[in-house]
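Before any comments, here is the structure.
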Amino acid sequence: MIKKILFLCTLSFFMISCGSSKNVSTTYQNKASTITPKEVDVASTKSEVTEEVVVKEVTVADKIVWTAVTYKGVPYRFGGMTKRGMDCSGLIFTSFQQRNVPIARSSQEMYRQGESIPLREVQRGDLLFFKTSRRRGKVNHVGLVTSVDNGDVRFIHSTTSQGVIVTSLLEHYWKRTFIEAKRVL
């Protein structure tokens, strides 16, 4: 009796698991096949509508930022440069390296590169430098600007407490510890 029950449970498990994956793919295929482009009869339109399309060229800075964002959520690891863990300069170094753009490995060395720019002129791909420690030395943290919107400068970096995250420079802690912005591209 127990063997029959065990056999029926095993058989029903296989039937249920195989059946659900088949339904998912069939549903997806049916939905995908119903999508058709909208037809527009240009000759029958009464008023002329002009639409300006702005095509922005993808820059090296865009590609570096896209690469950095793929590491969002990676835990902090001192000296790390992989998805298993990375520190702030490791994130920047790896993102630049994957796009074949040379840059120093440490935040202090990065700080010696590029040209200083006023905070109001930062743009995507610029580096932000911070002094978050009371230890001697000037710079010990770096972030990569991901966006600037009405004065809100957002940057990606790796923190010891949260790993790789995107943060606003408007946050009190980061505004207080900010030292300088630099353009390296």
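For the single chain, residues carry numbers from 1 onward in sequence order. This structure is a prediction, so every number in the text was calculated from the model and none was measured.
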When you group the ILVMFWY residues by side-chain heavy-atom contacts below 4.5 Å and let the links chain together, are [Y] and [X] in the same group?
| X | Y | answer |
| --- | --- | --- |
| Leu119 | Phe155 | yes |
| Leu144 | Ile179 | yes |
| Leu170 | Val148 | no |
| Met110 | Ile117 | no |
| Ile156 | Val153 | no |

For a 4.5 angstrom cut-off between non-hydrogen side-chain atoms, does [X] reach [Y]?
| X | Y | answer |
| --- | --- | --- |
| Phe93 | Asp87 | no |
| Phe178 | Leu128 | yes |
| Asp152 | Leu169 | no |
| Arg183 | Gln123 | yes |
| Arg84 | Arg77 | yes |
| Trp66 | Val58 | yes |
| Lys182 | Tyr111 | yes |
| Thr132 | Tyr173 | yes |

Considering all heavy atoms of both residues, which atom of [X] and which atom of [Y] are nearest to each other, and what is their separation?
| X | Y | answer |
| --- | --- | --- |
| Ser95 | Ile64 | CB-O, 3.9 Å |
| Thr94 | Met86 | OG1-CE, 4.3 Å |
| Ala61 | Gly125 | CB-CA, 3.9 Å |
| Val145 | Val65 | O-CG2, 3.5 Å |
| Ile103 | Leu127 | CD1-CD1, 3.8 Å |
| Tyr76 | Cys88 | CE1-N, 4.4 Å |

Rounded to the nearest 0.5 Å, how far does [atom2] of [Y] lie from [atom1] of [X]?
| X | Y | atom1 | atom2 | value |
| --- | --- | --- | --- | --- |
| His172 | Thr177 | NE2 | OG1 | 9.5 Å |
| Phe78 | Ser89 | CZ | OG | 8.0 Å |
| Leu185 | Lys63 | CG | NZ | 12.5 Å |
| Thr67 | Gln97 | OG1 | CD | 11.5 Å |
| Phe129 | Gln108 | CZ | CD | 10.5 Å |
| Ser168 | Asp149 | OG | CG | 10.5 Å |

*asked:* Working note: Ser107 + His141, criterion side chain to side chain contact (heavy atoms under 4.5 Å, CB included); need CA distance, chi angles, decisive distance, verdict.
replied: CA-CA 6 Å; Ser107 57; His141 191 72; 5.9 Å; no

_Looking at Gly79, is its backbone amide N or carbonyl O close enough to the side chain of Arg105 to form a donor-acceptor pair, meaning the two atoms are under 3.5 Å apart?_
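Judged by distance alone, yes, a pair lies under 3.5 Å.
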
*Using a cut-off of 6.0 Å, state whether more than 12 heavy atoms not belonging to Lys131 lie near its atom NZ.*
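More than 12 heavy atoms, drawn from other residues, nucleotides or ligands, come within 6.0 Å of this atom.
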
*Got more than 12 heavy atoms from elsewhere within 6.0 Å of NZ, Lys175?*
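For Lys175, atom NZ is not crowded (no more than 12 foreign heavy atoms under 6.0 Å).
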
*Does the pair Arg99/Asp62 count as a salt bridge with the N-to-O cut at 4.0 Å?*
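So Arg99 does not pair with Asp62 through a salt bridge.
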
Side-chain donor-acceptor pair under 3.5 Å between [X] and [Y], yes or no?
| X | Y | value |
| --- | --- | --- |
| Ser147 | Arg124 | no |
| Thr167 | His157 | yes |
| Ser116 | Glu180 | yes |

